[in-house]
Structures are given as C-alpha cells and as structure tokens.
Protein chains: 2
Amino acid sequence: MVIMVVSCRIAYSGRTSSDLGEGERLVILKEDGCVLVHRRSNYQPVNWQPSGCVFQTRIENQSLIIKAVRPSPLETLTMIVSRVEFLGTFQLNDEAEFLLHASEEDMQKAILAEPGLIEPGLQVVDFEKKVAPGFVDVCAVDSRGNTVVIEIKKDPAGVASVKQLAEYLKYIQVPAGRKLRPIIVAPSLAKGVLPMLTKMGFEFKPLTLQKSLETLQRLSRSDQSALKGWFESTKTKE
Amino acid sequence: MVIMVVSCRIAYSGRTSSDLGEGERLVILKEDGCVLVHRRSNYQPVNWQPSGCVFQTRIENQSLIIKAVRPSPLETLTMIVSRVEFLGTFQLNDEAEFLLHASEEDMQKAILAEPGLIEPGLQVVDFEKKVAPGFVDVCAVDSRGNTVVIEIKKDPAGVASVKQLAEYLKYIQVPAGRKLRPIIVAPSLAKGVLPMLTKMGFEFKPLTLQKSLETLQRLSRSDQSALKGWFESTKTKE
DNA sequence: GCCTGGATATCGTGC
DNA sequence: GCACGATGTCCAGGC
C-alpha cells in the first residue's frame with residue numbers, strides 16, 4: 001500500500017468527468033488496484049477508483065503523473081503531483097476476520113427461530129419466498145389459520161416498505177375462508193406511515209435489531225444444535 | 001489530519017455492531033470528526049465513522065485506545081492500538097473547488113433548454129413537479145397538445161424506473177381529448193425492460209450524458225444570457 | 001455479462 | 001430533525 005500526502009491536481013473521466021485544482025491531499029494506492037484521494041474534511045474521498053485498476057506513472061514537466069485506469073467500465077483518474085510532502089509504502093499484515101453481528105438477516109433469523117416474537121401461536125411456513133419482482137421475507141400462519149406475510153426492515157419503515165409489501169401481496173394466494181394479514185416488522189414507523197398502514201389494513205409489529213440479537217443468542221445458548229438442525233431441514237426442503 | 005499505520009483491534013457498536021481482530025491497518029482521523037480504517041485491500045473502509053464525531057484517547061494496559069463517538073445516531077467506534085508503525089499529522093492546504101461536470105441534473109437542464117432533444121415541437125410546461133411521493137422530472141406538451149411526462153435516468157433504465165414513472169402518472173391530470181405520453185429518457189434500457197414498457201404504453205427516448213453536455217455547452221456558447229434568463233423566469237414562475 | 005437489492009450506505013435538500 | 005432522492009454510489013449474489 002502506498003500512502004502519499006501530496007499537492008496535486010486531479011482529473012476524472014469515465015461515467016462522468018470532474019476536475020479538481022491544485023491542493024494538498026492524502027492519496028492511497030492499494031494492492032488490489034483501488035485509489036482513494038482524501039481532502040482534509042469529509043468522510044468520502046473527493047476522487048477515487050474502485051479495485052481492479054491499472055496504475056501508470058511518469059514524469060512530465062517536473063511533475064509526477066499518476067494514472068489509474070479501470071478497464072470496465074472504462075474510466076480514468078489522473079493525478080498531476082507537483083510536490084510530495086510524505087510518501088510511505090506499507091505491507092499490512094492483517095489476516096483477521098471481520099464479523100458483522102447484526103443486520104436485517106438476523107431479524108429474520110430471530111423470527112424464524114422464535115415466531116412468538118411477532119405473536120403467540122404463529123407458525124412459519126416459508127421465507128425468502130420468490131414472488132414476481134422480489135422475495136417475501138417471511139410467510140407464516142397465525143393461530144386461526146390466517147396467512148401472515150411479513151416484511152422486515154432494520155431501519156424505521158417508510159412509505160417504500162409499505163409499497164413493497166403491498167406489491168408482494170398481489171402474488172400471495174390465501175386459502176378460502178382465511179384472512180391475509182400483512183405485517184411490517186421494524187424498530188419503528190417513519191412519521192407519516194401509520195395512516196397509510198391503517199388505511200391499507202396492514203399491521204405493524206415493533207422489533208429491534210437488539211431484541212433479535214438477544215433472542216438469537218439465547219436460543220443459541222439453550223439449544224444450538226436444534227436451531228442449526230431447523231435451518232438445515234428448512235433449507236433442504238427448498 | 002492524523003494518519004496512522006497501526007496494529008489494532010476494532011469494535012463498532014451503533015446501528016449494528018461489529019468486531020475485527022488484531023491486524024495492521026491504516027487509520028485516518030480528520031478535523032471534521034470522521035474516521036476511516038482501511039485494510040490492505042478493498043475500496044471501502046472496513047470500519048469508519050461519518051463526520052461529527054468526538055474523539056477520546058487514553059492509555060490502558062499499555063495499549064492506546066481511541067474512541068470515536070457519533071452523537072446522533074449514537075454509535076461508537078473503539079480502536080485498541082497495540083503497536084504504532086507510523087503516525088503523522090498533516091495540515092492540508094486545499095482550497096480548490098471540486099467540479100463535477102455532468103450528472104442527471106445536466107440531462108434535465110439539457111432537455112429544458114433544448115426540448116427538441118426529445119422530439120421536435122415539444123414544449124416544456126414544468127419540471128421537478130411535486131406529486132404524491134416524489135417529483136416528476138419534466139412535464140411537457142407535444143406538438144399535438146398531448147401531455148408528456150418524462151422520467152430521466154443517467155444509467156440504463158431498469159424496472160424500478162418504469163415503476164417510478166407509473167407511480168407518478170397516477171397523479172397527473174390530462175386535459176379532455178388529449179393523450180398522456182409517459183417517456184423514459186436514459187442512455188439505454190436494461191435488458192428485460194422493453195416488453196414491460198411496450199405493455200404499459202410507455203415510450204423510450206435514448207439520451208446520453210455526453211449528448212446532454214454537448215447541448216448545454218453549445219447553447220451556453222451561442223446564447224448564454226438567454227438561457228440564463230429562461231431558467232430564471234421559469235423559477236420565478238414557480 | 002447484466003440486473004437486483006443491501007449498506008453501519010453517505011450526503012444534500014426541502015419541509 | 002425527518003424523509004426522500006441521487007450517488008462516478010460500491011458490492012455481493014443470481015441468472
């Protein structure tokens with residue numbers, strides 16, 4: 001990895017184009033062929049190149065010119081370096097595994113493992129069920145035999161979530177004499193969403209990532225092998 | 001700006017949580033309170049914190065501990081540094097303005113300034129028109145008085161674009177005896193989209209960013225003041 | 001290869 | 001502060 005603090009000009013050409021005049025920046029070149037150019041502020045790089053680039057360097061008019069070319073889609077980042085404040089190369093020894101502990105998938109797992117999180121008596125029928133344009137997160141049957149369709153969001157559910165669920169419902173068939181109960185599961189509802197929900201006859205069940213995590217950990221401790229077996233049998237069934 | 005190459009462990013807790021074991025990484029702390037932790041590969045940082053964080057440092061068990069806390073939403077990044085390979089602080093002098101030359105907005109500007117890009121005789125009626133959940137990019141009237149509704153995409157238009165346009169149409173009113181012509185304007189259509197478009201009676205008009213740019217530049221050269229006047233009068237009208 | 005959806009998305013803008 | 005759309009989004013997973 002090459003780390004440089006330099007004064008430079010930068011031009012990008014590809015999906016669109018950009019120009020940045022002379023100034024001091026932090027430039028990072030990584031071994032997988034990606035580039036990051038950071039200014040003194042902002043989380044995001046001002047210019048960059050995703051991995052897979054080919055680097056070229058040359059000297060022209062007493063300036064160091066660095067090009068990073070990405071073959072597909074074809075885009076080019078050109079840095080014209082007038083002064084080098086710092087330059088270092090580092091071999092980073094880093095084999096650690098990155099563990100992300102919770103996401104929407106964990107909420108789903110928690111519901112699959114413990115349907116009572118939604119309501120007593122609920123039984124899961126299917127999950128990740130393919131319908132026309134996407135997947136239904138969880139399909140279930142309640143204690144009265146009604147069909148329950150669940151859409152999970154880890155963030156406050158907005159209008160888009162409700163529409164997505166409504167879209168899926170078009171492709172769900174309900175046995176005669178049973179009701180269809182669409183449920184949004186999320187930590188909360190976005191501001192104006194409740195009226196819409198009520199109007200459409202949808203339900204909302206609050207569930208946080210944290211609660212899901214706790215549930216998974218509890219179940220994992222109490223009966224790890226059984227849970228694992230459940231997942232495997234379900235997947236095999238698919 | 002603080003740039004460090006260190007061996008460290010990292011924990012994140014907030015919108016979700018993560019853990020990363022011991023390894024060598026590049027750590028960047030910026031003056032606006034953002035954090036970037038980069039591994040030897042990948043464009044994206046493995047851990048980060050957006051701007052607005054408060055930093056805390058302390059020594060514990062011969063390790064340097066750096067915390068970056070973001071107040072809202074509350075999230076915490078903790079780095080336990082066991083060894084420092086490099087540490088530098090830099091005052092980056094960088095006042096240059098960043099210029100991005102083209103985006104979807106430029107396609108819209110080009111159409112507003114030169115409706116003939118879509119078809120001869122087209123007249124723009126409105127743009128960024130507020131409808132229920134979003135904004136209609138451009139509203140216009142064709143040479144026969146039919147209402148034209150345009151959705152602009154700078155990337156190949158997929159199913160989502162068509163649905164978005166369809167959604168907006170629900171809120172568009174057409175004068176009696178006139179037709180409604182929904183048009184997708186994009187460089188191309190994604191693979192399976194044309195059948196859907198045809199079925200819904202939508203039209204597709206190819207337009208690239210580059211062509212839009214050329215148009216804007218040509219008009220800018222030929223009649224800069226008039227174009228400026230047009231935009232201002234349109235905005236005032238709003 | 002294209003397309004779809006998720007992300008600790010981030011960021012700006014309007015309300 | 002909240003919601004929503006754009007991003008040179010990036011990226012993994014399917015097909």
Side-chain angles (χ1 to χ4, degrees), chain A residues 10-19 34-37 41-52 70 72-77 98 100-105 128 130 132-135 137 152-161 164 188-193 209, chain B residues 10-20 32 34-37 42-53 68 70-77 98-108 128 130 132-135 137 151-161 163-164 188-193 209:
Chain A
I10 301 177
Y12 162 79
S13 173
R15 283 169 287 179
T16 176
S17 64
S18 72
D19 279 296
C34 70
V35 185
L36 300 155
V37 181
S41 293
N42 299 332
Y43 161 76
Q44 289 200 248
V46 63
N47 278 113
W48 71 92
Q49 205 67 292
S51 56
R70 189 189 188 195
S72 175
L74 179 60
E75 41 187 357
T76 307
L77 187 67
F98 178 72
L100 185 62
H101 294 303
S103 69
E104 201 174 291
E105 190 184 349
E128 292 299 324
K130 180 93 180 79
F135 297 85
D137 284 336
I152 303 169
K153 292 291 160 188
K154 77 173 179 51
D155 299 308
V159 174
S161 312
Q164 189 182 352
S188 65
L189 283 179
K191 199 175 284 178
V193 177
L209 259 177
Chain B
I10 301 177
Y12 162 78
S13 173
R15 285 169 287 179
T16 176
S17 65
S18 71
D19 279 295
L20 181 61
D32 62 347
C34 70
V35 185
L36 300 155
V37 182
N42 299 331
Y43 161 77
Q44 288 198 232
V46 64
N47 280 111
W48 71 92
Q49 204 69 291
S51 57
C53 289
R70 188 190 188 194
S72 175
L74 180 60
E75 42 187 357
T76 306
L77 187 67
F98 178 72
L99 293 172
L100 185 62
H101 296 303
S103 69
E104 200 172 291
E105 191 185 348
D106 293 270
M107 295 178 68
Q108 186 186 42
E128 291 301 323
K130 180 93 180 78
F135 297 84
D137 285 335
E151 174 67 28
I152 303 170
K153 292 290 161 189
K154 78 172 178 52
D155 299 308
V159 175
S161 313
K163 285 188 180 170
Q164 190 181 351
S188 64
L189 283 179
K191 201 174 282 178
V193 177
L209 260 176

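We name chains A, B, ... by the order of the sequence lines, and we start the count at 1 in each one.
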Enquirer: Respond yes when some side-chain nitrogen or oxygen of B:Arg15 is under 4.0 Å from OP1 or OP2 of C:dA9, and no when none is.
Expert: yes
Enquirer: What distance separates B:Gln108 CD from B:Ile152 CD1, expressed to the nearest 0.5 Å?
Expert: 5.0 Å
Enquirer: Centroid distance below 5.5 Å plus an interplanar angle below 30 degrees: do B:Tyr43 and D:dC10 meet both conditions?
Expert: no
Enquirer: Taking atom NE2 of B:His101 and atom OH of A:Tyr12, what is their separation to the nearest 0.5 Å?
Expert: 11.5 Å
Enquirer: Please lay out, stage by stage, how A:Thr16 and B:Ser103 fare under the test side chain to side chain contact (heavy atoms under 4.5 Å, CB included).
Expert: CA-CA 7 Å; A:Thr16 176; B:Ser103 69; 5.9 Å; no
Enquirer: In this structure, how many angstroms lie between the P atom of C:dG5 and the CD atom of A:Glu105, rounded?
Expert: 17 Å
Enquirer: From CG of A:Asn47 over to C1' of D:dT9, roughly how many Å is that when rounded to an integer?
Expert: 14 Å
Enquirer: Whole angstrom is fine here: how far is it from CG in A:Leu209 over to P in C:dA9?
Expert: 9 Å
Enquirer: Whether the side chain of A:Glu104 and the base of C:dG6 hold a donor-acceptor pair under 3.5 Å is what I'd like checked.
Expert: no
Enquirer: Reckon A:Ser72 touches a base, only the sugar-phosphate, or nothing at all at heavy-atom distances under 4.0 Å?
Expert: sugar-phosphate
Enquirer: Contact class for A:Glu75 vs. all strands (heavy atom < 4.0 Å): base, sugar-phosphate, or nothing?
Expert: base
Enquirer: Can you tell me the distance, in whole Å, between the CG atom of B:Asn42 and the P atom of D:dC11?
Expert: 7 Å
Enquirer: Once you round to the nearest 0.5 Å, how far does CG of B:Asp137 lie from CD of B:Gln164?
Expert: 7.5 Å
Enquirer: What's the gap between D:dG8 and C:dG6 when it is taken at their P atoms, as a whole Å value?
Expert: 22 Å
Enquirer: Quickly work out the A:Gln44 CD to C:dT10 P distance and round it to whole Å.
Expert: 9 Å
Enquirer: For B:Ile152 and B:Asp155, find the nucleotide of DNA chain D closest to each by heavy atoms; which residue's nucleotide sits nearer the 5' end?
Expert: B:Ile152
Enquirer: Of B:Gly192 and B:Ser18, whose closest DNA chain C nucleotide lies nearer the 5' terminus?
Expert: B:Gly192
Enquirer: Please give, in whole Å, the distance from C:dC11 C1' to B:Asp32 CG?
Expert: 13 Å
Enquirer: Need to verify one output field. Residue with the more 5' nearest nucleotide on DNA chain C, B:Gly158 or B:Pro50?
Expert: B:Gly158
Enquirer: Once you round it to whole Å, what is the distance between P of D:dC10 and CH2 of B:Trp48?
Expert: 15 Å
Enquirer: Determine whether a donor-acceptor pair (N or O, by modelled atom type, separation under 3.5 Å) exists between the side chain of B:Asp32 and the backbone of A:Asn42.
Expert: yes
Enquirer: Taking atom P in both D:dA6 and C:dT8, compute the distance separating them and give it to the nearest angstrom.
Expert: 22 Å
Enquirer: Rounding to an integer number of Å, can you tell me how far A:Gln49 CD sits from D:dC11 C1'?
Expert: 16 Å
Enquirer: Would one find a side-chain N or O of A:Ser17 under 4.0 angstrom from OP1 or OP2 of D:dG8?
Expert: no
Enquirer: Do the side chain of B:Glu75 and the main chain of B:Gln49 share a donor and acceptor less than 3.5 angstrom apart?
Expert: no
Enquirer: Under 4.0 Å, counting only non-hydrogen atoms across every strand here, what does A:Lys154 touch: a base, just sugar-phosphate, or nothing?
Expert: sugar-phosphate
Enquirer: Report which part of the nucleic acid B:Ser13 touches: base, sugar-phosphate, or nothing (heavy-atom distance under 4.0 Å, all strands).
Expert: nothing
